[in-house]
Every structure is written in C-alpha cells, then in structure tokens.
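Some notes on the structure that comes next.
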Amino acid sequence: MTGAPAPSTAAEGPALRIGVLALQGDVREHERALATLGATTVRVRRPADLFGLDALVLPGGESSVIDKLSRAFGLREPLRAAIVAGLPVYGTCAGMILLAERLEDAIAGQQTFGGLDITVRRNAFGRQQESFEAMLLLPALGDEPVAATFIRAPEVVLAGPDVEVLARLEDGRIVAVRQGNLLATAFHPEVSGERRFHRLLLESAAVRRADGTAGTS
Amino acid sequence: MDSTGTTASTPTTGTGTGTGTVKRGLADMMKGGVIMDVVTAEQAKIAEDAGAVAVMALERVPADIRAQGGVSRMSDPDMIDSIISSVSIPVMAKARIGHFVEAQVLQELGVDYVDESEVLSPADYLHHIDKHRFTVPFVCGATNLGEALRRITEGAAMIRSKGEAGTGDVSEATKHIRTINAQIRELSAKSEDELYLAAKDLQAPYELVKEVAENGELPVVLFVAGGVATPADAAMMMQLGADGVFVGSGIFKSGNPAERAAAIVRATTFYDDPSVIAEVSRGLGEAMVGINVADLPAPHRLAERGW
C-alpha cells in the first residue's frame, strides 16, 4: 500500500468505520483524532466488535496490560486473523509493541499480536523523566515536521526487509514504520494534535473498502 | 538495522523533557487502568502480573498507616529502588503535601510519578509543592473542583479524587467524583460572564475555569482513589466518569491479592458490563475488613488534608 491516493477518504458511501482497541490506554485521544477526520469510531473490547471495521487503532497504554486483557477476553486470535487478512491497523507506542513480531524487554509471558516484521524494545528511552518531545522530519507526510511526543516510548531495534522506515531520530533510532496495511509509531500523534498518521490509516481503509476486500458489513 | 532505508529523517528542533504534554501524556496512557499500592518488590511483581498499569511504592498501605498512627513519610529509597528494578511498568511514590525535598528525592530516584499525598502526614499546612519546578510529573488528590484546579495550577499533571484511604469504604470516593463532575457540569452551563464569579467561588484562576467550562472536563486525567476494594467498586467509579482507579489497601489487605487484583483490572475495563463484573467477583475470598467512614472521628479523616 505504498503511494496512497489523494486523501478523499469516504468521499462516497457511509463514513469509514474505525475501531479503537479499548482495553486500556488513550482511547479517547484516538477517537477524537479520527472523528475530526470524519470517521465513525467503534470501541473494540470483544471479538464481535471487530465486525465490519474498515481499520483499527491500537492506542498508547501499557502493552503488558492490553496483551493480558486481549487474551483473557478471547480477542487476541480474531485480532491476529484480522491483521493477517489485511485489516489496516495503526499502533502508537504500546500499539507499536503489540504489532511487533518480536519484543525485547518483555515481561515474562508477554505476547504481541504481531504482523510487523520488527523487533521492538520496550521503554527504550528510559523512565518517565527521559520522556520527551521532538520535531521529526517525515518526508512521507510532506514538508511540515511532525510534533512527536515520546512517553516511556519503545524503539524499533530491527526492521525486516519489507518494512518501510518512515522516521528516525537524529541518532538513527527507528521510530515510525509501515509494512503493507500496518503502520506504527513509537510516539503519540494523538496527544500532540498531529493528524496525518490517522489520515494515512483512513486512506488505507478507503482503498481497501473500494477494493471490496473490507470485512463484511 | 533496517535493510530498506527507504525514507529516513532527523529531528529538527524542540527536543525537550518534562514538558506539560509529556507529563500529562503518561497519565493519558494509564487511562482505563488500575494503579496498585505495593510495599515490597514481591507485591509489585504480583501487581504487574495481574495487569496493573502502574504501582504506587509506599512503606505502609493506608490501612496500616491508619492502624499504627504516628507521622507517615516518604518511603525508604532502598525500598523504592527495589520496586523500580522489579517491574517494567511505571512506578509512582508518595511525598508529603508541601514536602518539596521528598519530591526532589523521589525525582532523583527515578520514579515515574510523584503523588503529593494526604495519606502521608502533611509537611506544610499552607503550601503545596510547586510542581512546575520538576521534570517528574505529579498526581494530587482533590475532593472538589476548586481543589483540583488549584493543584493543576501548581503543576499537577493528573488528579485523583481522594476518597477516604485505608477504609475499604467507597462512599467518600463516590462523593468526591460525583462532586467534581457535578461542578464541571455546572460550570459548563454558565454564561461567560458568570464564570468570573465561579472562578472566585472555586478559588481557581479564571482562565483555567473558563477552559474547563468550555471543554466540560478537566485538562488532566481524573482517577479515583480511596476506599476502592472490590471489582464492583472499581466499575462503579468508572461508570461515574473516572478515567481509572487507584487501589490501595484493598488488594494486599485482602485474602487473595493476585486474584483480586486481576479481577479489579478486568472490571475496570468492562466497567459497563455486569456479566463480566459478576464473573470476576466470584470466589475472591475475603475483601479487606474495612472501616465505615461514618465511624471515623474527624481528625482521622485523611481527605480533609490539603487545601
């Protein structure tokens, strides 16, 4: 899904229906970001909530908690199946961790949904006092820099050959990636008012709907 | 590292730690979660395994502070270190109200959030800590909107309603979250020229009062604390509009801490689903014994500390 089309998302038909995984985390910030872009949002806590979605957001939060709850309530497997089937998914921070195929510094028994061929290190920048804001240049999103908020953030320590690296920090650390319909950032556009990543997700969702490959609705 | 190197970028300007967005942001990430009081590294591990979004490291849980009396202070740095090194989730710790040096020490130890807490003995009966001076974010207690707004003005990046800690009686927590949310609704219903008087009555800055009136919510995350002891308590607080819950004595003063902790986590996520709350409430064993707040003589009510 490189070379996304013009942002004419949902120009026809009903608004795009975007799920936000709502087991724990900054769900509301993502809902607001998506709503300002004209999407309808759905909170996803159970397998049935995945029905008829055009795309899904995995919010920031505590990845180990979201992982546990997703397994306790039978959401993990259907969610993995949806990812494999090509559902566009955008993960921020904990969401990036959950999309990673491999984790460093996971807590004992911690699992991910997977899908992105990356290895992610949790809390890669240290504790909260090392949390920071930075302006990132991100050519894929245009000339205007991205105000990026890193909160006990992860980093991508290894990206596979099919993974497109969208952004790095000055020291070379990878903080935004894309592979097929999966998009992930170590930072939180949803708390800094940045909307272009959500727009990318909606573009993928619109393309998928137009292709007629979206889930039954 | 990556073998494609398709697009790369470098930061330009504006790298900074300890900004308002970063401080409030961590609280945003804890929403819908449960923060648990722990007094040892083992308890911290149990809390993490049960699904806590963060742990609060302290020397004695409020129920013991209440039972043992005396002056209650910041915890031993060794104990905080051992908890920090035992878990990968955020670690909070308590400083006494107004005790900015305890807060400096906690920041030095690397805690992720400082709780300027009425559960400890106040160190200053007039001033709270100037929280803007710190890189570490602060959470503060409040019993009403004015108190919450004064704490936010001083730099608090997260508010928790106070409840009555160490009792297992949720009635005060209910009162405080209801009060704060009712006061916010009242503000939102006021005309702009009425907000000047509202600011005076709330003893809070006009600009902040106006912001709350316009948005219909606090500019920071609002958790509930003080007396939450069961999954149903936690779910009730969420239904009353809390962003998450603190559970203090309720977990490790109960018969089966690991199970109760996990049950409270699940009930907090599925707060509006009685079938889940019923399911997780089964067979948890003894809840903490508890004290009725009505039986507490006024001088022993912690919620009245802070101003």
Side-chain angles (χ1 to χ4, degrees), chain A residues 22-29 45 60-62 64-65 68-69 72-73 93-94 105-109 122-123 126-140 145 147-152 156-170 172 174 177 188 191-192, chain B residues 1-34 45 48-54 84 87-91 107 110-113 134-137 217 221 243-244 262 265-266 268-270 273 276 280:
Chain A
L23 296 171
Q24 190 274 316
D26 68 337
V27 175
R28 212 182 308 146
E29 283 68 20
R45 291 184 299 180
E62 182 47 56
S64 62
V65 174
K68 279 189 195 90
L69 288 167
F73 291 90
C93 196
D105 298 353
I107 74 167
R122 290 174 72 219
N123 302 333
R127 307 195 66 81
Q128 171 62 12
Q129 287 170 59
E130 281 76 56
S131 292
F132 63 101
E133 289 186 80
M135 297 301 283
L136 289 178
L137 286 175
L138 217 148
T149 308
F150 293 83
I151 298 170
R152 286 176 52 101
V156 176
V157 292
L158 198 70
D162 298 327
V163 176
E164 180 186 5
V165 174
L166 295 178
R168 293 172 185 271
L169 290 173
E170 221 162 31
I174 301 169
V177 294
H188 296 279
V191 304
S192 58
Chain B
M1 301 291 262
D2 74 300
S3 26
T4 56
T6 345
T7 49
S9 64
T10 48
T12 49
T13 57
T15 303
T17 57
T19 64
T21 306
V22 159
K23 287 176 169 178
R24 292 177 182 188
L26 179 57
D28 282 326
M29 301 313 144
M30 296 179 187
K31 282 193 291 201
V34 183
K45 200 68 206 133
E48 182 177 59
D49 289 341
V53 286
I84 286 177
V87 293
S88 68
I89 56 177
V91 175
Q107 174 166 286
V111 305
D112 296 293
Y113 243 92
F134 291 78
T135 308
V136 67
E217 61 181 14
V221 164
D243 289 320
V265 167
R266 292 175 186 196
T268 301
T269 293
F270 289 90
D273 187 337
V276 172
V280 302

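Quick note on labels: first sequence line is chain A, next is B, and so on, each numbered from 1. Since the structure is predicted, the reported quantities are computational estimates derived from the model, not experimental observations.
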(message) If I take atom CG from residue B/Asp49 and atom CD1 from residue A/Ile107, how far apart are they, to the nearest 0.5 angstrom?
(response) 5.5 Å
(request) To the nearest 0.5 angstrom, please state how far the CG atom of A/Asp26 sits from the NZ atom of B/Lys31. (result) 6.0 Å
(message) With a 4.5 angstrom heavy-atom cut-off, is it the side chain or the backbone of A/Leu69 that approaches chain B, or both, or neither?
(response) side chain
(request) Go through the structure and list residues passing side chain to side chain contact (heavy atoms under 4.5 Å, CB included) with B/Ala54, not counting sequence neighbours. (result) B/Met30, B/Ile35, B/Pro90
(message) I'd like to know if A/Lys68 and B/Glu48 make a salt bridge, using a cut-off of under 4.0 Å between side-chain N and carboxylate O.
(response) no
(message) For B/Phe134, which atoms come within 4.5 Å of any heavy atom of chain A: side chain, backbone, both, or neither?
(response) neither
(message) Quick check on A/Ala106 against chain B: is it the side chain, the backbone, both or neither that has a heavy atom closer than 4.5 Å?
(response) neither
(message) Side chains of B/Thr269 and A/Arg45 only: does a donor on one sit below 3.5 Å from an acceptor on the other?
(response) no
(request) Considering only heavy atoms and a distance below 4.5 Å, find which of B/Val87, B/Ile84, B/Thr268 pairs most often with chain A. (result) B/Ile84
(message) Just so I understand: if I count every heavy-atom pair under 4.5 Å between each of B/Ala262, B/Gly110, B/Ala52 and chain A, which residue has the most?
(response) B/Gly110
(message) Nearest 0.5 angstrom please: A/Phe73 CZ to B/Asp273 CG, how far?
(response) 8.0 Å
(message) Can you tell whether the side chains of A/Arg127 and B/Asp112 come within less than 4.0 Å, N to carboxylate O?
(response) yes
(request) Kindly compute the distance separating CG (A/Asn123) from CD1 (B/Ile89), expressed to the nearest 0.5 Å. (result) 10.5 Å
(message) Heavy-atom pairs under 4.5 Å with chain A - which of B/Val53, B/Thr135, B/Val91 has more of them than the others?
(response) B/Val53
(request) Return the option, out of A/Thr149, A/Val191, A/Leu23, with the maximum number of heavy-atom pairs under 4.5 Å with chain B. (result) A/Leu23
(message) Under a plain distance cut-off of 3.5 Å, with no hydrogens placed, do B/Thr19 and A/Glu133 share a side-chain donor-acceptor pair?
(response) yes
(request) Give a yes or no on whether the backbone of B/Val22 and the side-chain of A/Gln128 come within a donor-acceptor separation of less than 3.5 Å. (result) yes
(message) Heavy-atom pairs under 4.5 Å with chain B - which of A/Ala108, A/Gly60, A/Ala94, A/Gly25 has more of them than the others?
(response) A/Gly25
(request) Could you tell me which of B/Gly32, B/Gly244, B/Gly51 has the largest number of non-hydrogen atom pairs under 4.5 Å with chain A? (result) B/Gly51
(request) Could you tell me whether the side chain of B/Thr17 reaches within less than 4.5 Å of the side chain of A/Gln129, counting heavy atoms only? (result) no
(request) Taking the side chain as every heavy atom from C-beta outward, state whether B/Met29 and A/Gln24 have any atom pair closer than 4.5 Å. (result) no
(message) Please classify the contact between A/Ser131 and chain B as side chain, backbone, both or neither, with a heavy-atom cut-off of under 4.5 Å.
(response) both
(message) Taking B/Asp28 first and then A/Arg28, would you say they form a salt bridge - that is, a charged N and a carboxylate O separated by under 4.0 Å?
(response) no
(message) If I measure from the heavy atoms of chain A, does B/Val111 come under 4.5 Å with its side chain, its backbone, both, or neither?
(response) backbone
